[in-house]
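A short worksheet on the structure shown next.
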Amino acid sequence: MSSIQKIFLLLGLFFACGFINLSYAADKAEGTVSTKKERNHITKGNKFYEEGKFKEAMQQYKDALEENSSSVVGRYNLGLSEIQIGSNPNDTSAAAKKLLESGVKNMQQIANMGSKRPELASRANYNLGNVAFNSQDYQKSIDYYKQALRLNPSDENARRNLRIAQLKLQNEDQQQDQNQDQQDQEQDKEQEQEQDQNQDQNDNQDQNQDQQEQNQDQQDQQSQSDLNQQTAEQILNAIENKENQTRARVAGQNAEKSRERNRNRRNW
């Protein structure tokens, strides 16, 4: 069995013990007026509660409050039975939730009595602390346990549950810190990956730019080569034309000289 499971068992055990020793005698000691019917309903309710028949117990406490709406013990025990039913992990119905809320409300009324009824108020704060703990609201449970100890410093169950809640809150804070650190690490890793991808893209752009410049140089060289070839051909054509012109001129001169010699021969 894990330590967490043991914690919940302890809390469940201490939660149940919060009721057993209470009876209408507490009201009598305070001088509160009670009726016989009220006391009978509370006695029956206590018996049902001890047998685990929380619904039957709840009804008896409701009947006690109908007889005496100011019955502190009746309201405390009603709140406790409602919490027991509403906290059943196997019942997540809206009715169970409503019962839990009603039980917390009744228990809060007793807790608010404070020094007027310190024993009952201490037990009420203790049970409210258990409800908060089982809801994983550890800070609120700590506050309730502390108030229970202020009203009854000798309540060792409240002291033990207080320490358990403090440890749970500490572990929760540490887990949150670890989760935050992990999130930060993952975020840093994502940023690094994004930066690397951006750098790769920049490198690719630089390579593309270099390739474009290289291609441009090749094109320029090819154009220059084409230009030089064209120029060379023009020069060769010019030379050839000039030579043709020269040959034609020389041929013309030779023909003229030949005609001149022929004329001279006829004159002789």
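Side-chain contact check for Gln207 versus Gln211: every heavy-atom pair is 4.5 Å or farther apart. Taking 4.5 Å as the limit, some side-chain heavy atom of Ser71 sits within range of a side-chain heavy atom of Ile42. Side-chain contact between Leu99 and Met58 is present, with heavy atoms from C-beta onward closer than 4.5 Å. Here the side chains of Ser122 and Asp155 are in contact, with some heavy-atom distance below 4.5 Å. Contact annotation: the side chain of Met107 never approaches that of Val104 to less than 4.5 Å [non-hydrogen atoms, C-beta and beyond]. Using a 4.5 Å heavy-atom threshold, the side chains of Tyr61 and Val73 count as separate. Between Leu120 and Met113 the shortest side-chain heavy-atom distance does not fall below 4.5 Å. With a 4.5 Å cut-off on side-chain heavy atoms, Leu100 and Ser87 count as touching.
Between Phe48 and Phe54, the distance from one ring center to the other does not fall under 6.0 angstrom.
One finds a salt bridge joining Glu51 and Lys47 here, because a Lys/Arg side-chain nitrogen approaches an Asp/Glu carboxylate oxygen to under 4.0 Å. Under 4.0 Å is where a charged nitrogen must lie from a carboxylate oxygen, and between Glu156 and Arg159 at least one such pair does.
Side-chain polar atoms of Asn244 and Arg247 form a donor-acceptor pair below 3.5 angstrom. Side-chain atoms of Gln108 and Asn112 include a donor-acceptor pair closer than 3.5 Å. Side-chain N/O atoms of Glu82 and Asn106 include a donor and acceptor closer than 3.5 Å. The closest side-chain donor-acceptor pair between Asp137 and Ser135, if any, does not fall under 3.5 angstrom. Looking only at atom types and distance, the side chain of Tyr49 has no donor-acceptor partner in the side chain of Gln60 under 3.5 Å away.
For the residue pair Gly45 and Ala57, the shortest heavy atom distance occurs at O-CB, 3.3 Å. Contact record, Ser70 with Asn68: OG-OD1, 2.7 Å, taken as the closest heavy-atom pair.
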- Task: Determine, step by step, whether Gln195 and Gln199 satisfy the side chain to side chain contact (heavy atoms under 4.5 Å, CB included) criterion, reporting the C-alpha distance in whole Å, the side-chain angles of both residues, the deciding distance to 0.1 Å, and the verdict.
- Result: CA-CA 6 Å; Gln195 290 175 355; Gln199 185 62 44; over 6 Å; no

- Task: Test Leu162 against Gln166 for side chain to side chain contact (heavy atoms under 4.5 Å, CB included), laying out the working first.
- Result: CA-CA 6 Å; Leu162 171 62; Gln166 289 172 333; 3.8 Å; yes

- Task: Quick one: do Asn241 and Gln245 satisfy side-chain hydrogen bond (donor to acceptor under 3.5 Å, both in side chains)? Show the steps, please.
- Result: CA-CA 6 Å; Asn241 291 334; Gln245 290 175 0; over 6 Å; no

- Message: side-chain hydrogen bond (donor to acceptor under 3.5 Å, both in side chains) for Asp63 and Gln59? Distances and angles first, verdict last.
- Response: CA-CA 6 Å; Asp63 293 341; Gln59 186 57 54; 3.1 Å; yes

- Dump the intermediate steps for side chain to side chain contact (heavy atoms under 4.5 Å, CB included) on Ile110 and Arg117, then the final yes or no. CA-CA 8 Å; Ile110 306 302; Arg117 296 293 295 269; over 6 Å; no

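We find the CD-OG distance between Gln136 and Ser141 to be 11.0 Å, quoted to the nearest 0.5 Å. The CD atom of Gln109 lies 7.0 Å from the NZ atom of Lys105; values are rounded to the nearest 0.5 Å. With values rounded to the nearest 0.5 angstrom, His41 atom NE2 is found 12.0 Å from Lys36 atom NZ. Here the CG-OH distance, from Asn161 to Tyr126, works out to 4.0 Å after rounding to the nearest 0.5 Å. Note that the CD atom of Gln193 and the CD atom of Glu186 stand 10.5 Å from one another [nearest 0.5 Å]. Once rounded to the nearest 0.5 Å, the distance linking CD1 of Ile164 with CZ of Arg160 reads 7.0 Å.
Shown are Lys140, Gln139, Lys146; of these, the side chain to side chain donor-acceptor pair (under 3.5 Å) with Asp143 is made only by Gln139. Looking at Tyr144, Phe133, Tyr145 one by one, the single match for ring-ring contact (aromatic ring centres under 6.0 Å, His included) with Tyr138 turns out to be Phe133.
Of the possible polar contacts, one joining the Asn134 side chain to the Asn130 backbone as a donor-acceptor pair under 3.5 Å is found. Side-chain atoms of Thr35 come within 3.5 Å of backbone N or O of Glu38 as a donor-acceptor pair. Between the Ser102 side chain and the Lys98 main chain, no donor and acceptor come within less than 3.5 Å of each other.
By the side-chain contact (heavy atoms from CB on, under 4.5 Å) test, Gln147 is found to be paired with Asn125, Arg150, Leu151, residues two or more places apart in sequence or in another chain being considered. By the side-chain contact (heavy atoms from CB on, under 4.5 Å) test, Glu190 is found to be paired with no residue, residues two or more places apart in sequence or in another chain being considered.
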